[in-house]
J.: 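Dumping the structure here so I can ask a few things about it.
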Amino acid sequence: MPYPPGDPRISVINEAPPNPEGRIVLYWMVAARRTHDNPALSRALHHARTLRRPLVVFEPLRTDYPWASDRHHQFVVEGMLDNAGRLAGTPVYYYPYVELAPRAARGLLAALARDAAVVVTDRSPAFFLPRMLSAAVAHVPCRFEAVDGNGVLPLDAATRVYPTAYGFRRFLQRALPSVAGDLRRVPREDLRDLPPLSGSDRAWLGTITDRWPALVLDAEGASALVRTLPIDHVVRPGVQRGGPTAAQSALTRFLGDGLGRYATDRNHPDLDLTSHLSPYLHFGHIAATDVCRQVLAHAGWSGQMSGTAHGHREGWWGLDVNVEGFLDELLTWRELGLNAAAHLPGYDRYGTLPPWARDTLARHGADPRPYAYDLATLDAAATHDPLWNAAQRQLTTEGRLHNMLRMLWGKKILEWSPSPEAALEVMEHLNNRYAVDGRDPNSYAGIFWVLGRYDRAWGPERAIFGTIRYMSSANTARKVRVKQYLARYGADPSLLST
DNA sequence: ATCGGCTCGCGCAA
DNA sequence: TGCGCGAAGCCGAT
């Protein structure tokens, strides 16, 4: 894909020139659902100024995607209310749209794009979004660009797939100095002094919003609305509020308590000290660059990489072990997942596991399974294993799963499923159905790690797992603190989802 | 409490 | 070709 010179985040989807008859510049916001630290919004603002056209920010939410539920919809709608507040009083025309019935949005993008000078959208490498972008090409007759606001490094900074975190970390340590400047400068999208909508533009937009009404809601209205949609209502909203403002609150809380003892305490489920930023990163309510910048500023970073680390987890920023530990999660592990989604065709398919992993699992495909649970039993957290059930209940009720336990959660699903392929299907389904950050490249990296991706063989060879790393609930309970966690998620049947 | 062996492939040095 | 090394492990020996 060709780039305009100098910006590896921008892909030109349709090389057509800007439509000289176009009324507006359209930003079709589908992944980076925020108004701050958003390179696609910056690009759209650039076009609006250069072409002297008003900017329309169109933020839609489809109804018919897999696993759509009250949980995901509520989170996104809360973000829309937030974005509406942030754009109120600016010359930007904000158009939030929630599809009320399957296919109701058909024709909407085309109607907006027909009279646009330029269309800018988000590049997002996973789930249905790449397909949606491909399908949209036919409906955008003018210049059409997709902008990558996913990570601290552009997706295309890496030109290959990395099979290990160690290798990817080495690459990151070489590549990050080139963006170090961005990690000190706070971007300020300037929303003032844009061309305003003319009366005729407003009349034209009115014909579109008559047919596809913009979302008009307050916070209470969000939950009432999602209940009326043809989506999965069994999955109730999670415990975290959606939107950029809630995202910043979570980050501020984490900087104050959690980051300072991240290395030592984050693995204890009882303490619950992780950042809780994943759902916000997933829906683009906060930028990874923003998180990284605030963490570095909080830690008093000098602005220089140490230059001595070659793939090792610590010692590249010259910061304390807690901060470096968190940055390794945010950068190495998160961007490793993005790397696979963007560059490994079939990143979500069993066949892309490394050969040693598929071989060893295949050799043990016929091993007897002492425990065999079907999807319904797992979904209902009704196994014989109290720690696993607790983790599953946290997932179904809260929409999140503690980092330490999510690995155990997956390993047990592998152990209890008739085949590793079936285990993958179950993990994908439960994670995508219940986790607010489900369907993220990171979710897939975690699920595939359970099956051997990014990992190495571990002896001794054992039943079902072969040489895939094994984990046991008993050892996990011995190593980390789970007593309160078990009490919190352990016994109350009213927490159970049906 | 700590240690080594179990086991595999990558990437770099030589 | 050899060698160091790796998201969080497990288990038995000392």
Side-chain angles (χ1 to χ4, degrees), chain A residues 158-175 261-275 278 308-316 321-322 324-340 343-344 352-364 385 387-388 391 401-415 427 441-482 485:
Chain A
T159 53
R160 48 166 288 216
V161 175
Y162 285 85
T164 65
Y166 189 67
F168 186 71
R169 195 179 289 111
R170 254 196 315 259
F171 155 72
L172 263 184
Q173 288 167 347
R174 280 195 305 269
R261 42 187 180 141
Y262 192 74
T264 44
D265 292 344
R266 75 164 144 160
N267 279 342
H268 295 291
D270 282 356
L271 301 180
D272 194 29
L273 285 169
T274 56
S275 73
S278 188
T308 55
H310 293 292
H312 300 288
R313 251 184 295 182
E314 288 150 22
W316 39 322
V321 63
N322 297 296
E324 298 222 347
F326 177 71
L327 289 174
D328 196 55
E329 299 295 326
L330 179 70
L331 297 172
T332 307
W333 286 98
R334 179 166 182 275
E335 309 226 352
L336 184 59
L338 288 166
N339 173 261
H343 299 297
L344 173 62
T352 60
L353 282 170
W356 72 267
R358 275 182 288 132
D359 288 348
T360 194
L361 289 169
R363 272 197 292 276
H364 291 271
D385 182 328
L387 187 54
W388 192 91
L401 181 48
H402 191 278
N403 298 346
M404 186 66 195
L405 296 178
R406 73 189 322 143
M407 293 178 288
L408 177 69
W409 175 86
K411 292 290 185 185
K412 294 294 113 176
I413 292 174
L414 173 59
E415 188 177 341
M427 285 190 278
N442 247 302
S443 286
Y444 282 93
I447 286 168
F448 277 76
W449 177 85
V450 165
L451 301 171
R453 180 172 290 162
Y454 305 131
D455 207 6
R456 70 181 198 262
W458 287 88
E461 187 165 359
R462 65 180 76 220
I464 304 173
F465 287 80
T467 56
I468 299 287
R469 184 195 301 252
Y470 173 80
M471 293 175 89
S472 84
S473 299
N475 266 318
T476 304
R478 207 171 297 135
K479 283 190 316 195
V480 297
R481 289 148 67 178
V482 295
Y485 186 91

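Every chain is numbered from 1 and lettered A, B, ... according to where its sequence line falls, protein lines coming before strand lines.
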J.: What is the distance from OH of Tyr454(A) to C1' of dC8(B), rounded to the nearest Å?
T.: 17 Å
J.: Taking a pair as Watson-Crick (N1 to N3 plus N6-O4 or O6-N4) or G-U wobble (N1-O2 and O6-N3), both under 3.5 Å, which stems of 3 or more consecutive pairs involve DNA chain B?
T.: B:1-6 with C:9-14, B:8-13 with C:1-6
J.: Quick one: Arg313(A) CZ to dA8(C) P, roughly how many Å, whole number?
T.: 6 Å
J.: In terms of the angle between their ring planes, are Trp409(A) and Trp388(A) parallel, tilted or perpendicular, with boundaries placed at 30° and 60°?
T.: parallel
J.: Are Trp333(A) and dA7(C) stacked, counting the six-membered base ring, centres under 5.5 Å, planes under 30°?
T.: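 By the stated criterion, Trp333(A) and dA7(C) stack.
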J.: For the side chain of Trp356(A), counting heavy atoms from C-beta on, which of dA7(C), dG6(C), dG9(B) is nearest?
T.: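 From the listed options, dG9(B) comes nearest.
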J.: When you compare the side chains of Thr352(A) and Arg453(A), does any donor N or O come within less than 3.5 Å of an acceptor on the partner?
T.: yes
J.: How about Arg169(A) and Trp333(A): do any of their side-chain heavy atoms sit closer than 4.5 Å?
T.: yes
J.: What are the atom names and distances for every N/O pair under 3.5 Å that joins the protein to nucleotides 10-13 of chain B?
T.:
| from | atom 1 | to | atom 2 | distance (Å) |
| --- | --- | --- | --- | --- |
| dG11(B) | OP1 | Arg160(A) | NH1 | 3.4 |
| dG11(B) | OP1 | Arg160(A) | NH2 | 2.9 |

J.: CZ/Arg456(A) to CZ/Arg469(A) distance, rounded to the nearest 0.5 angstrom?
T.: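 That separation rounds to 6.5 Å.
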J.: Give the rounded distance in Å between these two atoms: CG of Asp328(A) and P of dG6(C).
T.: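 So the two atoms are 12 Å apart, to the nearest Å.
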J.: Find the distance Ile468(A):CD1 to dT7(B):P and express it as a whole number of Å.
T.: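 Rounding to the nearest Å, CD1 of Ile468(A) and P of dT7(B) are 14 Å apart.
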J.: Using a heavy-atom cut-off of under 4.0 Å over every strand shown, decide if Glu329(A) touches base, sugar-phosphate, or nothing.
T.: base
J.: Working to the nearest 0.5 Å, report the span between CG of Leu408(A) and NE2 of His402(A).
T.: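 Reported value, rounded in 0.5 Å steps: 12.5 Å.
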J.: I need the CH2-P distance between Trp409(A) and dA7(C), as an integer number of Å.
T.: 22 Å
J.: How long is the span from the CD1 atom in Ile447(A) to the CD1 atom in Ile413(A), to the nearest 0.5 Å?
T.: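 It is 8.5 Å, given to the nearest 0.5 Å.
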J.: Can you figure out which of dC5(C), dT7(B), dA8(C) approaches the side chain of His312(A) most closely?
T.: dC5(C)
J.: List every contact pair, protein side and nucleotides 10-12 of chain C side both N or O, where the distance is under 3.5 Å.
T.:
| from | atom 1 | to | atom 2 | distance (Å) |
| --- | --- | --- | --- | --- |
| dC10(C) | OP1 | Ser472(A) | N | 2.7 |
| dC11(C) | OP2 | Asn475(A) | ND2 | 3.2 |

J.: Quick one: CD on Glu329(A) to OG on Ser278(A), what's the gap to the nearest 0.5 Å?
T.: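 Glu329(A) CD to Ser278(A) OG: 10.5 Å, rounded to 0.5 Å.
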J.: Could you check if a side-chain atom of Phe465(A) sits within less than 4.5 angstrom of a side-chain atom of His364(A), using non-hydrogen atoms only?
T.: no
J.: How close or far is atom P of dG9(B) from atom CZ of Arg358(A), stated in whole angstroms?
T.: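 Distance, rounded to whole Å: 12 Å.
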J.: Measuring only the P atom in each nucleotide, how far is dG9(B) from dC10(C)? A whole number of Å is fine.
T.: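 Going atom to atom, P in each nucleotide, I get 22 Å.
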J.: Is the Tyr162(A) ring parallel, tilted or perpendicular to the Phe171(A) ring (thresholds 30°, 60°)?
T.: parallel
J.: Just the rounded figure in Å: distance from P of dT7(B) to NE2 of His364(A).
T.: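 Interatomic distance, NE2 of His364(A) to P of dT7(B): 11 Å.
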J.: Once rounded to the nearest 0.5 Å, what's the spacing between atom CD1 of Ile468(A) and atom NZ of Lys411(A)?
T.: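 Between Ile468(A) CD1 and Lys411(A) NZ, I get 6.0 Å after rounding to 0.5 Å.
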J.: Can you check side chain to side chain contact (heavy atoms under 4.5 Å, CB included) on Phe168(A) and Arg160(A), steps first, answer last?
T.: CA-CA 10 Å; Phe168(A) 186 71; Arg160(A) 48 166 288 216; over 6 Å; no
J.: Check the side chains of Asn403(A) and Thr274(A) for a donor-acceptor pair under 3.5 angstrom, ignoring hydrogens and angles.
T.: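 There is no such pair (donor and acceptor under 3.5 Å, judged by atom type) between the side chains of Thr274(A) and Asn403(A).
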J.: May I have the distance from Met407(A) (atom CE) to dA7(C) (atom P), rounded to whole angstrom?
T.: 12 Å
J.: Write down the distance separating the C1' atoms in dA7(C) and dC12(B), rounded off to the nearest Å.
T.: 23 Å
